[in-house]
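Have a look at the structure below, then the notes.
One-based numbering, in listed order, for ligands and for the atoms of each. Counting begins at 1 with the first residue of the sequence.
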Amino acid sequence: PARLVVLVSGSGSNLQALLDACADPGYGAEVVAVGADRGDIEGLARAERSGVPTFVLRVADAASREQWDDDLARTVGDHHPDLVVLAGFMKLVGPAFLAAHGGRTVNTHPALSPSFPGMQGPADALDYGVKVTGCTLFVVDAGVDTGPIVAQAAVPVEPDDDVASLHERIKVAERAMLVEAVGRMAREGFAVEGRKVRLGPPSR
Ligand code: GAR
């Protein structure tokens, strides 16, 4: 199976969806470690309940942001991932991380890229007044939610939505999108070709 390292900052419901999917040997992936930028979160508890090793690297404990990025790159690398999944990880990874793991790191974002990048995807969509939003899985690059798109799913905005109700509806679609896309990446392989992510074995 493909080795997944998952990074979280919060409730970890997307992580849980991956852990549940990986329980089926046919899924083709296993979560070999879960990392976080903070302790005491449900995401870490979910990993522990599944017997998956965890690590916590706080920016505040590092000598600098660069040092943190370096530590994160190395600690993730120690687990030899085929794919790194940022699942509600509320930090931007930096140059050292991208040098080590760029091209095999994906992030899930609660909006339809290129609309509404950043930390407030659901709130920004609501404020703008769009009638459809959704979620995006993309290969992480140096920008904020700008990388090549792997998968997207559309979600309607309902007239009486608030940020919480809209984000919850997005997260239902997001978990399904993530499980489906990560499974295909794990089983079929993938290649980043410019702006396109092609699923399937590497072409010659
Ligand atoms: C997800 O909706 C994810 O897209 C979002 O945080 C939520 C995490 O939920 N991530 C971002 O906004 C990243 N900027 P979870 O902890 O229950 O998986």
Which of the numbered atoms in ligand 1 are under 4.0 angstrom from any heavy atom belonging to [X]?
X	value
G88	6 (O), 8 (C), 10 (N)
T108	3 (C), 4 (O), 10 (N)
S11	15 (P), 16 (O), 17 (O)
E174	1 (C), 2 (O), 3 (C), 4 (O)

Does a donor on one side chain sit under 3.5 Å from an acceptor on the other, for D78 and T75?
-> no

Modelled atom types, side-chain donor and acceptor of S11 and E42, under 3.5 Å =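 Distance-only check fails for S11 and E42.
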
What protein heavy atom lies closest to [atom]? Include the residue and the distance to one decimal.
atom	result
atom 5 (C) of ligand 1	P110 CD, 3.8 Å
atom 16 (O) of ligand 1	G12 N, 2.7 Å
atom 9 (O) of ligand 1	K171 NZ, 3.1 Å
atom 11 (C) of ligand 1	M90 CE, 3.5 Å

State, yes or no, whether a side-chain contact exists between V139 and N107 at a heavy-atom distance under 4.5 Å.
->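 Counting from C-beta outward, V139 and N107 never come under 4.5 Å.
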
Applying the side-chain contact (heavy atoms from CB on, under 4.5 Å) test to L86, which of V106, T105, L137 qualifies?
-> T105

Under a heavy-atom criterion of less than 4.0 Å, does V8 contact ligand 1?
->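 V8 does not count as a contact of ligand 1 under the 4.0 Å cut-off.
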
Could a heavy atom of H167 be found less than 4.0 Å from some atom of ligand 1?
->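 Flag set, H167 near ligand 1.
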
Please test D37 against K91 for salt bridge (Lys or Arg N to Asp or Glu O under 4.0 Å), starting from the C-alpha separation and ending with a verdict.
-> CA-CA 8 Å; D37 64 327; K91 288 283 186 300; 2.7 Å; yes

How far does CZ of R74 sit from CG of L57, to the nearest 0.5 angstrom?
-> 9.0 Å

Apply side chain to side chain contact (heavy atoms under 4.5 Å, CB included) to F138 and T108, showing your working.
-> CA-CA 7 Å; F138 64 96; T108 176; over 6 Å; no

Say whether D145, considering both its backbone and side-chain N or O atoms, lies within less than 3.5 Å of an N or O atom on ligand 1.
-> no

Please answer whether the main-chain N or O of G94 pairs with a side-chain N or O of D69 as donor and acceptor at a distance below 3.5 Å.
->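 Yes; at least one donor-acceptor contact below 3.5 Å.
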
